[in-house]
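Below is one structure, written out as structure tokens; comments come after it.
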Amino acid sequence: MAELERECEVVVVGAGYSGLAAARHLARSAVDVLVLDARHRVGGRSFTDVTPAGFTIDRGGQWIGPTQDHLAALATELGVRTFPTHTTGQGVELRDGARDLYVGLIPTSDPHGAADGIAAMLDLDLAAFEVPLEAPWDAPDAAALDSQTLASWFDTHLTSASARDILEVAVKAVFGTGSGELSLLFALFYLHAGGGLTNLARTTGGAQERRFTGGSQQLAQGMADELGDRVILGAPAETVAHGPDDVVVGARLVAPGADPADPAAEHRPLGVRARRAILAMSPVLCARLAYTPALPGRRDQLCQRMPMGAVTKVHVMYERPFWREDGLNGQIVAPGGAMSATFDNSPADAGHGEIVGFIAGDECRRLERAGPEARREIVLADLELAFGPQARTPIEVVEQHWPGEPFTRGGPVAVGSPGALTALGPALREPVGPLHWAGTETATRWCGYLDGALSAGIRAADEVLRALEGEPVGLD
Amino acid sequence: MASTEELVEAYAEWRTRSNANPRLTKMLKGWDRVIHFTTTDTAQGYTMRVEGQQLSELAVGHEGQPDVVVTGSSEDFCDMYWGDLNPSEKYMSGEITLAGSQQDVMRIDAISMVAFLDT
């Protein structure tokens, strides 16, 4: 079929929070913009869905916390309300088949171990605040920090094995990876960007404080509605050909209802010609497009060294949040468990009960092969151990396995491998000719979060606005 | 509701235990601060200082310019000082509030948890 051709000033690839924020910022500055997304929906890693049993769930990012100002402003503007995560009651610690209850930030079955863990978290956070957010590679001792992993820092700063287990749970919940996969420099940068590990691990007062009534994807949809027909869905981008001042993004425009990930799906080739492009995706996805000319080595090498975390998000629905009747807050911390952490995810009116759990890092990878039925059994066994026999009979179990998503390939975020930031970090945001980089991974505040996706999009759009006015951009 | 005498007595116990805990005193390194406490129920002010990795005696009334202001009920402060209450629980529920720079708040939160767990 004949190729469709479109022209605009700026083409944005990726209609997640970051790409939409960038496009909206440009459109509001009277720039002619088009946004392409591979899927038949907007939102990227924010995906609000209705389950077969009729429950509305957030399959991806879902929380908002203090200091996430871009996210809060957008929610206010769009009239999307928030409600507090339910935290009243005790948490459950599961460890080696034993069950203990706790109150406060971390399990206290081993008080001295917990104290060791808290002291280490403080040390880690104080070290994190020394890492400059705009240029972590300029941190004091950056090379030394980037040549070790967060795991090796734990080895030297923790004396208690139980504290190590608890911190590992927090790390997996935050990054979707174990501490052994994370450059210490990257981890410190990321913690600083989100106000510290303590802040990232918290519900009340922290990153998991509140949720969006009706789901987080409404915010992406709200931005897309403003952009109207400038958002083109079902259009996976495949090629990026650019000169110094122009770019053509080649995509496949698949038929509505056809699977965009299926190369054999009915489609028409689509070419979008623009003066500038914003690639608003994780580094991994950016690197999967075919560039002409090829990307500079440093940019591709960086993308190779920022793999996605691995997380399966599991929603378990019940008639009511029965654990609350036992004085429990729905939080489980389970070192070594399949789901290392859970939260009470019931709606604001508690019209039904819902637990959300995260199978993260190596557990996520290991259990991929086991399949959904086996995962369901493992999840329900742990929930039964934590909350009693009622947990065995949910209405519905729905999982979202992010590594299996063709247009995401992991979650919640891309992480820095040892050496990546010091050798290649500036390539994260440095434009390549007319190509600019967005996505939450390029954020300097709340990197990896919805809020960071928004600020990164706005930063990339500002870069483009300057470039369109003829100002030099980048380092080349 | 706890009287000023009870609160000062409970604090003295807590201070003795805390100042004898090496993990805790290590966390106070390089952190000389003035901390004001205000009780919500008895409307009484107190002042605690951290100097040279040691906690001072509790002064009744607000003294000096505070780096951190801690607000909560006299009962909760007493229970915390006696070691019967996990301060993290009351902080997370909003019944104890901390005001100050992010790093100072983070530090006092961690110190109070370690004092509860480890002494």
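Predicted model only: the values in this text are computed from it and were never measured. Residue numbers begin at 1 in each chain, while the letters A, B, ... track the order of the sequences.
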### Task
Answer with side chain, backbone, both or neither: which region of B:N86 has an atom nearer than 4.5 Å to a non-hydrogen atom of chain A?
side chain
### Query
Counting heavy atoms not belonging to B:Q65, are there more than 12 under 6.0 Å from its CD?
no
### Query
Considering only heavy atoms, which portion of B:K90 lies under 4.5 Å from any heavy atom of chain A: side chain, backbone, both, or neither?
neither
### Summary
Output for pair (B:S88 OG, A:I118 CD1), nearest 0.5 Å, gives 7.0 Å
### Message
Counting heavy-atom pairs closer than 4.5 Å to chain A, which one of B:I111, B:D109, B:L117 comes out on top?
### Response
B:L117
### Task
Between chain B and each of A:D125, A:T87, A:T88, count heavy-atom pairs under 4.5 Å; write down the option with the most.
A:D125
### Message
Taking side chain as everything from C-beta outward and backbone as N, CA, C, O, which of these in A:D123 sits under 4.5 Å from a heavy atom of chain B? Side chain, backbone, both or neither.
### Response
side chain
### Query
Is the number of heavy atoms from other residues, nucleotides or ligands within 6.0 Å of CZ (A:R81) greater than 12?
no
### Task
Using non-hydrogen atoms and a 4.5 Å limit, figure out which bit of A:I106 sits close to chain B: side chain, backbone, both or neither.
neither
### Max heavy-atom pair count under 4.5 Å with chain B, selected residue of A:G117, A:A119, A:G205
A:A119
### Task
First locate atom CE of B:M27, then atom CG of A:L122, and finally report the distance between them rounded to the nearest 0.5 Å.
4.5 Å
### A:L126 backbone acceptor or donor facing B:Q103 side chain under 3.5 Å
no
### Task
Answer yes or no: are there more than 12 heavy-atom neighbours, outside B:E57 itself, under 6.0 Å from its atom CD?
no
## Note on the structure
If you tally heavy-atom pairs under 4.5 Å between each of A:T204, A:T67, A:V103 and chain B, the highest tally belongs to A:V103
### Message
For A:T198, which atoms come within 4.5 Å of any heavy atom of chain B: side chain, backbone, both, or neither?
### Response
side chain
### Per-residue contact mode, B:F116 against chain A (heavy atom under 4.5 angstrom)
neither
### Query
Taking side chain as C-beta onward, heavy atoms only, is A:Y102 less than 4.5 Å from B:E89?
no
## Note on the structure
When rounded to the nearest 0.5 Å, the distance separating CE of B:M113 from CG of A:L105 is 5.0 Å
### Task
For atom CG of A:D96, decide whether the heavy atoms of other residues, nucleotides or ligands shown that lie under 6.0 angstrom number more than 12.
no
#### Entry: Closest non-hydrogen atom pair, B:M92 against A:G104
SD-C, 3.5 Å
### Summary
With chain B, the option among A:N199, A:T108, A:D116 that has the most non-hydrogen atom pairs under 4.5 Å is A:D116
